[in-house]
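Scroll down for the structure; my scribbles are underneath it.
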There are 2 protein chains.
Amino acid sequence: MPEVLHALADPVRLEIVRLAAAHPRLPCNRFFDEIPKSTMSHHWRVLREAGVIRQEGHGAARLNSLRREELDHRFPGLLEAILR
Amino acid sequence: MPEVLHALADPVRLEIVRLAAAHPRLPCNRFFDEIPKSTMSHHWRVLREAGVIRQEGHGAARLNSLRREELDHRFPGLLEAILR
DNA sequence: TCGATTGTTCGAGTATAATCGAACAATTGA
DNA sequence: TCAATTGTTCGATTATACTCGAACAATCGA
């Protein structure tokens, strides 16, 4: 639980989560042109390791999806509260 | 929002919040005898400045209360999800 | 008044996290 | 095959956070 909260307690990652919620299968480089890709890769990794998102390789790109079901199962209501 | 999540993203503070939810007007030194009081004071401060708890002076002690209404108003469902 | 109780503040040390350039790997398309 | 695209990893730097002893302030009870 603290790990998930920590993953969400960052402005950039919170925005990532909200965009991922609105855009299924979101590529890593979408919507964050001003932030260096190594920085973004770090944030994607934190979210991935916390179990918040899932990545699937699709060609050279990676498509990111929010793990809604798993999160709702582990922490009911949390994601909904964050996304509201 | 990130500030509140950060305040909650610590094991000790999460436990504080849960105890505060169960024990209204909780003194600072209750339940955490093994942790130095300066460390506890730090955690109380983080929660206070994030708007999660409120302190009222009661003699030499301070009684801490969860700010349920304010939190529910600002972030509906969040506290309930955290406390579940 | 004075010792005991309850917390805060300060400062230093340590640990963790964020940032980002550079090099690398994998894939696509021409 | 080869250049372009998409991300990851590495290493270094900087920033932020956690921990905790020591000194201090406020209050209560005897």
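Every chain is numbered from 1, with letters handed out A, B, ... down the list of sequences. Computed from a predicted model, the values in this text were never measured in an experiment.
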Original post:
So, B/R13 side chain and B/A7 main chain: donor-acceptor pair closer than 3.5 Å or not?
Top reply: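 Between the backbone of B/A7 and the side chain of B/R13 there is a qualifying donor-acceptor contact (under 3.5 Å).
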Original post:
Got a sec? Which of residues 43-55 of chain B come in under 4.0 Å of DNA chain C, heavy atoms?
Top reply: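 B/R45, B/R48, B/Q55 - these, ordered by number, are the residues of the stretch whose heavy atoms sit under 4.0 Å from the strand.
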How many Å lie between [atom1] on [X] and [atom2] on [N], as a whole number?
X	N	atom1	atom2	answer
B/L63	D/dT27	CG	P	14 Å
B/M40	C/dT8	CE	C1'	14 Å
A/E56	D/dT6	CD	P	17 Å
B/R62	C/dT5	CZ	P	18 Å
A/K37	C/dA23	NZ	C1'	10 Å
B/E34	D/dT19	CD	P	12 Å

When you measure from the side chain of [X], which nucleotide among [options] comes out closest?
X	options	answer
B/S41	D/dT8, C/dT19, C/dT8	C/dT8
A/A60	D/dC20, D/dT6, C/dC20	D/dT6
B/H42	C/dA23, D/dG21, D/dT19	D/dT19

Subject >> A/V46 reachable from A/F32 in the ILVMFWY side-chain graph, under 4.5 Å edges >> reply: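 Different clusters: A/F32 never reaches A/V46 through Ile, Leu, Val, Met, Phe, Trp or Tyr contacts under 4.5 Å.
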**OP:** Verify the cluster assignment for B/L66 and B/L19: are they in a single hydrophobic cluster under the rule of side-chain heavy atoms below 4.5 Å apart?
**Re:**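 Yes, because B/L66 and B/L19 connect within a single hydrophobic cluster, where side-chain heavy atoms sit under 4.5 Å apart.
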Subject >> Candidates A/R25, A/R62, A/R67 - the one meeting salt bridge (Lys or Arg N to Asp or Glu O under 4.0 Å) with A/E56 >> reply: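 One option only clears the test, and that one is A/R25.
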Original post:
Heavy atom of residues 5-33 of chain A under 4.0 Å from DNA chain D: which residues?
Top reply: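 Close to the strand are A/P27, A/C28, A/N29.
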**OP:** Answer yes or no: are there more than 12 heavy-atom neighbours, outside A/R18 itself, under 6.0 Å from its atom CZ?
**Re:**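 It does: A/R18 CZ has more than 12 such atoms within range.
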Original post:
Above 12 or not: heavy atoms from other molecules or residues under 6.0 Å from CZ of A/R30?
Top reply: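 12 or below, so no.
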Subject >> Aromatic centroids of A/F31 and A/H23 separated by under 6.0 Å >> reply: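 Judged by ring-centre distance (under 6.0 Å), A/H23 and A/F31 do meet the cut-off.
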**OP:** Report yes if at least one side-chain N or O of A/T39 is closer than 4.0 Å to OP1 or OP2 of C/dC20; otherwise report no.
**Re:**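 For C/dC20, OP1/OP2 do have a side-chain N/O of A/T39 under 4.0 Å.
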**OP:** Please figure out whether A/P36 or A/A61 has its closest DNA chain C nucleotide nearer the 5' end.
**Re:**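 Its nearest nucleotide lies further toward 5', so the answer is A/P36.
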Original post:
In Å and rounded to the nearest 0.5 Å, what is the CD1 to CG distance from A/I82 to A/L5?
Top reply: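 The CG atom of A/L5 is 7.0 Å from CD1 of A/I82, to the nearest 0.5 Å.
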**OP:** Report the distance from atom CG of B/L47 to atom CG of B/D10, rounding to the nearest 0.5 Å.
**Re:**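 So the CG of B/L47 and the CG of B/D10 are separated by 8.5 Å.
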